[in-house]
S.K.: 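This is the structure, below, for whatever I ask next.
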Amino acid sequence: METRSIRGFHDVLPEDAKRWHRVEETAKAVFELHGFSELRMPVLEFTEIFARSLGTTTDIVEKEMYTFADRDGSSLTLRPEGTAGVARSYIENSMWAKSPVTKIYYTGMMFRHERPQKGRYRGFYQIGAELLGPEEPASDAELISMVWNILEGTGITKYLTLEISSLGDGICRPQYKEKLVAFFAPERERLCEDCQRRLETNPLRILDCKVKGCSEIASRAPRMIDSLCADCASHFAEVREALDSAGVPYVVNPGIVRGLDYYTRTVFEITTGELGSQNAVAAGGRYDGLVEELGGPRTPAVGFAMGMERLILLHQAAFPEGFGREISVFIAHMGEEARKRAFRLASELRGLGISTEMEYGGKSLKSQLKRADKSGARLTLIIGEDEIRRGVVKVRDMDTGKEDETTEINPGLEIAGRLGGK
RNA sequence: GUGGGUGUAGCUCAGCUUGGUUAGAGCGCUAGGUUGUGGCCCUAGAGGUCGCGGGUUCAAGUCCCGUCACUCACCCCA
């Protein structure tokens with residue numbers, strides 16, 4: 001057999017885990033500040049949930065989902081994103097009936113069958129949040145500033161740009177789409193092959209085509225934000241005003257397009273130039289029609305998701321010094337009697353809340369100290385025959401190399417005191 | 001799905017152009033230099049199906065073909 005992980009899937013190794021914890025804890029702390037609670041969801045849903053939510057012609061649904069038949073023949077899919085599952089749970093658990101405002105965050109692995117590359121995996125972690133119920137621009141602004149605060153808390157905003165736009169609603173977006181098709185139709189022959197296809201499937205996509213000829217034509221095309229209906233226009237203006245007052249730095253980018261069909265009105269992206277062609281670190285927006293589309297009551301909502309692996313890459317760039325593990329105390333010992341005493345002492349210290357490691361076997365003191373050094377221990381306790389006989393424990397400060405002894409028979413508390421005093 | 005690059009020690013890589021004895025380095029690991037003392041230094045050691053399969057050749061890590069994987073880019077996205 002081949003001992004390897006599946007293509008596009010990867011391990012987060014122990015030496016990197018601390019960095020992940022740091023980022024996750026920062027996000028959770030900010031969520032709590034805004035009154036969001038965690039929702040833990042299944043990784044599998046009926047395929048229908050995603051097909052209905054994301055739109056049947058989107059890339060994700062058309063070719064990127066891990067879909068398979070359950071034993072009874074029903075079609076299941078490993079979640080490619082989190083929002084659809086939240087919406088399903090919101091409806092299934094009647095959350096709308098419990099409160100006019102529901103604030104949820106989630107974290108976990110998502111699955112998309114794409115070609116892997118830097119910052120892009122088939123199994124990847126996202127952290128996201130959804131604010132369901134309110135329609136008012138203040139809720140868009142709160143969610144966006146919350147995202148920005150998380151990224152600020154992790155110390156990586158120097159790499160980031162926040163871009164916002166509005167996609168309009170069920171009234172003005174179809175009208176705009178027609179305008180756009182009318183604009184591109186005469187230019188059809190000059191568009192690239194993909195865009196000629198997009199003209200039928202998703203004309204908005206032409207706007208962010210990277211082919212030179214297309215982007216040139218697109219730059220003259222009518223813009224969604226100029227075509228918003230009165231309600232959408234004032235909504236967008238109020239979101240911007242609220243962000244201004246919160247001091248969140250953003251730029252309006254009318255070219256933002258969504259790969260998912262459920263978005264309406266406000267959309268935003270947080271991008272970086274540090275990750276090769278994967279420039280999106282977080283993205284989200286308003287989706288006023290989704291809950292209803294899935295069979296729930298009409299429920300406006302805003303949400304976002306960010307890619308953990310991409311966040312981690314930026315965090316590594318910002319803080320390259322490493323986030324290794326650290327321990328307070330290492331216990332080295334020589335001799336059978338000393339080993340038993342070391343084990344008891346380790347238990348005692350851990351009981352006092354002091355992180356402690358010890359040598360298990362009978363290695364030389366030199367090699368034990370080497371291991372102590374690598375463990376990052378601040379103090380190494382040395383117990384040998386001499387110490388046993390005299391009822392003491394030698395204490396070596398690993399920064400200064402200075403040594404002395406505890407005088408007490410039971411040295412745990414004294415050691416705790418020394419660590420606390422430093 | 002399409003194109004480029006790369007697969008040699010645990011890790012990062014040299015060697016391939018121009019085929020030729022036992023395939024190297026740095027880091028890491030183990031031990032010694034100190035009867036019980038880490039980091040720096042010195043010495044020694046362990047560790048390799050040269051991705052896999054086939055072909056050419058007296059001879060292949062090196063050349064050719066295939067294949068798989070990784071990677072970057074396109075596409076799309078977090």
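Letters A, B, ... mirror the listed sequences (proteins, then strands); counts begin at 1.
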S.K.: Could you give the distance separating B/G48 and B/U8 at their C1' atoms, to the nearest angstrom?
M.R.: 8 Å

S.K.: Considering only atom P, compute the distance from B/G51 to B/U57 and round it to an integer number of Å.
M.R.: 23 Å

S.K.: Quick one: look up who B/A73 pairs with, Watson-Crick or G-U, both distances under 3.5 Å, and put none if it's unpaired.
M.R.: B/U2

S.K.: B/C16 and B/G55: how far apart are their P atoms, nearest whole angstrom?
M.R.: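 26 Å, rounded to whole Å.
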
S.K.: Report yes if the distance between the aromatic ring centroids of A/F31 and A/Y105 is under 6.0 Å, otherwise no.
M.R.: yes

S.K.: Does some side-chain heavy atom of A/E114 sit less than 4.5 Å from a side-chain heavy atom of A/K63?
M.R.: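 Side-chain contact under 4.5 Å: no.
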
S.K.: Decide if atom CZ of A/F9 counts as having more than 12 heavy atoms of other residues, nucleotides or ligands within a radius under 6.0 Å.
M.R.: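 Atom CZ in A/F9 is packed in, count exceeds 12.
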
S.K.: Summarise protein proximity over nucleotides 32-41 of chain B in one line of letters, 5' to 3': B for base, S for sugar-phosphate only, - for none, counting protein heavy atoms closer than 4.0 Å.
M.R.: -B--BBBB--

S.K.: Flag yes if more than 12 heavy atoms outside A/E326 fall under 6.0 Å of its CD atom; otherwise flag no.
M.R.: no

S.K.: Under the side chain to side chain donor-acceptor pair (under 3.5 Å) test, which residues partner A/T26, sequence neighbours left out?
M.R.: none

S.K.: Can you give one letter per nucleotide of nucleotides 72-78 of chain B, going 5' to 3': B for a protein heavy atom under 4.0 Å from the base, S for sugar-phosphate only, - for none?
M.R.: SBBBBBB

S.K.: Is the cationic atom of A/R240 (NZ for Lys, CZ for Arg) positioned less than 6.0 Å from the six-membered ring centroid of A/F236 and within 45 degrees of its normal?
M.R.: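 Relative to the ring axis of A/F236, which defines the angle, A/R240 lies inside both limits.
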
S.K.: Could you check which nucleotide pairs with B/C29 in any of the strands shown, counting Watson-Crick or G-U wobble with both distances under 3.5 Å?
M.R.: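 By the stated definition (distances under 3.5 Å), B/G45 pairs with B/C29.
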
S.K.: Does any nucleotide pair with B/U67 by Watson-Crick or G-U wobble geometry, both distances under 3.5 Å, and what is it?
M.R.: B/G51

S.K.: Distance between the C1' atoms of B/C70 and B/U30, in whole angstroms?
M.R.: 31 Å

S.K.: I'd like the P distance from B/C64 over to B/G4, given in whole Å.
M.R.: 16 Å

S.K.: Between B/A44 and B/G24, how many Å separate the two P atoms, rounded to a whole number?
M.R.: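 The same atom, P, in both gives a distance of 15 Å.
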
S.K.: Taking C-beta and beyond as the side chain, do A/K340 and A/H333 meet within less than 4.5 Å on heavy atoms?
M.R.: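 No. Closest side-chain heavy atoms not under 4.5 Å.
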
S.K.: Does a donor on one side chain and an acceptor on the other come within less than 3.5 Å for A/S139 and A/R286?
M.R.: yes

S.K.: Do A/R341 and A/E387 sit within salt-bridge range, that is, some charged N less than 4.0 Å from a carboxylate O?
M.R.: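 So A/R341 does not pair with A/E387 through a salt bridge.
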
S.K.: Determine the interatomic distance between C1' on B/C52 and the same-named atom on B/C42; round to the nearest Å.
M.R.: 42 Å

S.K.: Under 3.5 Å for both donor-acceptor distances, Watson-Crick or wobble: does B/C58 have a partner, and if so which one?
M.R.: B/G20

S.K.: Any strand is fair game: report the nucleotide pairing with B/A9 by Watson-Crick or G-U wobble, both distances under 3.5 Å, or none.
M.R.: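 Across any shown strand, B/A9 pairs with none.
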
S.K.: In whole Å, what separates the C1' atom of B/G28 from that of B/U35?
M.R.: 30 Å

